[in-house]
Amino acid sequence: MRTRELTRRSSVRELYAHPLGRDVVESLALQVGRSPKWIDNPLVGSVRLSALPKLTGGRIDDAFVDALVALLRTVPDAPAPSGMPLREAWFKEAVFYQIYPRSFQDSDGDGIGDLRGILSRLDYLKGLGVDALWLSPIYDSPMDDMGYDIRDYRKVLAEFGTLDDFDALVAGLHERGMKLVMDLVVNHTSDEHAWFQEALRDPASPYRDYYFLREGDPGTPPNNWKSFFSGSAWRWFPEAGLWGLHLFSSKQMDLDWENERMRAEIVDMVRWWRDRGVDGFRLDVINYISKAPGLPDGNRLIGELIGWTGMEHYFHGPRLHEHLRQLRAEAFDDPDCVAIGETPGIGPQMGKLMVGDDRGELDMIFNFEHLENPGRTRFDDYRYDLGYLKRYYTRWQAEYGDGYWMSLFFDNHDNPRFVSKVDPRPEHRVAVAKLLATIQFTLRGTPFLYQGQEVGAANQAFTDLAQLRDVESHNLAAELTASGLGPAETFARVLAGTRDHTRVPMAWDAAGGFTTGEPWIAGDGSHAEINVAAQEGDPDSVLEWHRALIALRRSSRALVYGETVVERSPRRVWRYRRVAGEEEFLVALNLSDRPARLRAPGAGWRLERASGPGEGPLAPYEARVWRREPAG
Ligand code: NOJ
């Protein structure tokens with residue numbers, strides 16, 4: 001289906017009928033806690049976009065309207081209406097577990113996790129009910145961004161092991177009926193990658209066109225785009241007299257996907273890993289790979305609204321779908337090879353354009369809108385309101401019918417622990433961790449656990465910047481300090497959002513169990529209490545709650561493929577059913593730290609699991625799951 005081409009004279013109603021326009025409007029409505037229904041009001045719906053500057057007293061300016069219209073015009077396709085048949089697949093039934101290799105298990109005492117370490121823990125993961133692993137990058141890298149800066153795509157970083165170790169890991173997984181998904185970082189490479197080095201050294205090198213290298217005045221970057229890791233997105237290379245584009249750290253140089261030869265090399269490389277037995281890929285910031293021709297300046301207001309100037313020119317670039325289709329057709333040309341896109345900034349409608357079964361692009365995506373409350377960023381210290389999560393998932397579950405599939409996650413290596421964001425008080429940690437697990441294992445979509453989540457790991461009580469290792473945290477601290485913020489405020493802000501909360505060593509036992517040496521990053525000692533060994537076999541533990549819910553999900557088609565029917569409930573309660581034919585589950589969740597009244601489900605329902613008393617009002621953060629008794 002094609003979208004209607006919008007102009008400044010288009011109406012707000014036409015904007016809402018457009019997939020990107022609809023995502024923008026619904027996201028704004030979600031942010032302010034209102035239904036987008038007001039667009040049905042003829043007065044509002046018929047307002048022309050060109051009238052917005054006047055109607056908003058200039059807060060929206062003409063340049064914004066032009067930028068918005070230009071952006072909408074880069075999306076010619078609309079998602080297919082629902083009605084596609086359900087496609088069953090292993091990765092829809094599977095429970096995924098993300099491993100941060102540097103921090104999972106060290107096998108040789110150097111303080112750095114490695115592949116042999118992971119291999120030694122496969123039985124634990126199998127016993128938990130995990131079906132597939134996603135490994136954060138293990139490729140050769142100078143580790144400026146902990147491996148998301150790849151120096152050689154066909155080599156394993158020596159600290160992690162060798163290709164033989166990798167092959168042994170794949171074999172170990174496959175023997176156990178498990179699968180392996182690799183991180184694929186192809187929006188950028190390290191500046192130490194041979195392609196980039198050649199490009200810098202030799203003006204006649206074909207590799208010059210693999211990147212965005214621009215001549216110019218050393219004092220003036222080619223455009224106003226901002227890097228996600230602070231400052232301008234351009235780095236000056238005096239040795240070549242060139243500017244280079246880096247959306248992330250100054251050592252992560254963006255690849256220019258206009259270059260056909262570069263794309264072919266990426267396809268070859270992916271196939272090389274597939275030949276080693278890899279079952280799929282998680283594609284790092286994959287929606288950023290197509291940049292607007294000419295790399296125009298970003299709009300000021302859009303930059304302020306989303307926090308990064310320039311993003312409208314690459315978060316959904318003009319050739320994105322074409323590139324994704326090429327990858328699917330040439331690199332992932334097997335329906336069993338799963339392709340999971342990391343796609344910051346993509347809403348439900350735009351997401352459908354990437355994961356629809358009719359599209360031939362990706363199988364599912366990771367979005368991030370649910371991780372922060374409206375108006376908040378990762379670096380704000382605040383208590384997350386789960387009412388927003390309910391509204392968010394209700395919207396996505398309703399949008400994603402049989403031809404679409406979504407991922408379900410709360411923790412990863414880029415975020416603090418979600419459990420701490422919801423409620424940092426230790427006395428609520430276990431209940432919140434169980435509540436979140438219940439959401440992940442009973443909604444429709446593929447659950448992704450992140451290491452440590454299964455024991456309810458919480459944020460770390462870091463006390464000093466020197467304890468942090470992440471380039472993003474250090475760049476931010478430098479930026480805040482330069483802007484005049486004092487050391488205490490700077491540290492507090494960095495602490496709220498640092499990615500190192502989830503990058504500390506996995507807690508295996510009271511002594512840690514991660515390494516016999518000095519860990520590359522130290523946690524705050526909470527592993528002494530919160531660890532795997534302490535929870536194994538304890539029916540009340542977060543770990544056993546995970547095991548039980550994974551088993552429950554596996555026991556029922558309804559919990560995997562069933563429809564999600566959200567029931568009316570008070571604001572603080574979330575109540576939904578999962579239905580597939582005769583099979584049916586009912587889930588009731590208390591989203592607050594106070595007891596909540598509950599309408600009993602009535603006869604015919606058997607309580608399967610309760611994280612609290614299981615009867616009467618729901619206890620703070622309690623989760624209950626019932627199964628409908630078979631008739632007769
Ligand atoms: C997303 C990754 O998850 C993150 O860790 C990394 O810093 C950026 N992409 C850049 O590769």
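One-based numbering, in listed order, for ligands and for the atoms of each.
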Looking at [atom], what's its closest protein heavy atom, distance included?
atom                   : value
atom 7 (O) of ligand 1 : D145 OD2, 2.5 Å
atom 2 (C) of ligand 1 : D284 OD1, 3.0 Å
atom 3 (O) of ligand 1 : D414 OD2, 2.4 Å

### Task
State whether D279 and R274 are salt-bridged, where the test is any N-O pair (Lys NZ or Arg NE/NH1/NH2 against Asp/Glu carboxylate O) under 4.0 Å.
no
### Query
With the threshold set at 4.0 Å, does a side-chain nitrogen-carboxylate oxygen contact exist between R325 and E322?
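Result for this pair is no, no salt bridge flagged.
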Numbering as shown, the atoms of ligand 1 that approach [X] to under 4.0 Å (heavy-atom distance):
X    : result
H188 : 10 (C), 11 (O)
Q252 : 10 (C), 11 (O)
F229 : 7 (O)
R499 : 4 (C), 5 (O), 6 (C), 7 (O)

### Task
Compute both the distance and the angle, then confirm whether K352 meets the cation-pi test with Y404: under 6.0 Å from the six-membered ring centre, within 45 degrees of the axis.
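Positive - K352 is close enough to the ring of Y404 and near enough to its axis.
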### Task
Tell me, with the steps shown, if W520 and F514 meet ring-ring contact (aromatic ring centres under 6.0 Å, His included).
CA-CA 11 Å; W520 70 277; F514 160 70; 8.4 Å; no
Using a 4.0 Å heavy-atom threshold (strictly under), name the region of [X] that reaches ligand 1: side chain, backbone, both or neither.
X    : result
Y288 : neither
Q98  : neither
R282 : side chain

#### Entry: Side-chain (T498) to main-chain (L495) donor-acceptor, under 3.5 angstrom
no
Give a yes/no on ligand 1: does [X] have at least one heavy atom closer than 4.0 angstrom to it?
X    : answer
F228 : no
M146 : no
E472 : no

### Task
Run through W225, Y314, F315, W257 and flag the one making a ring-ring contact (aromatic ring centres under 6.0 Å, His included) with Y288.
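It is Y314, the one option of W225, Y314, F315, W257 that forms the ring-ring contact (aromatic ring centres under 6.0 Å, His included) with Y288.
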### Task
Could you point out which residue of Y388, W396, F409 forms a ring-ring contact (aromatic ring centres under 6.0 Å, His included) with H370?
F409
### Task
Identify the residue among Q197, R235, H246, Q252 that makes a side-chain hydrogen bond (donor to acceptor under 3.5 Å, both in side chains) with D191.
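Single side-chain hydrogen bond (donor to acceptor under 3.5 Å, both in side chains) partner of D191 among Q197, R235, H246, Q252: R235.
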### Query
Atom CZ of R121 and atom CE of M506: how far apart are they, to the nearest 0.5 Å?
8.0 Å
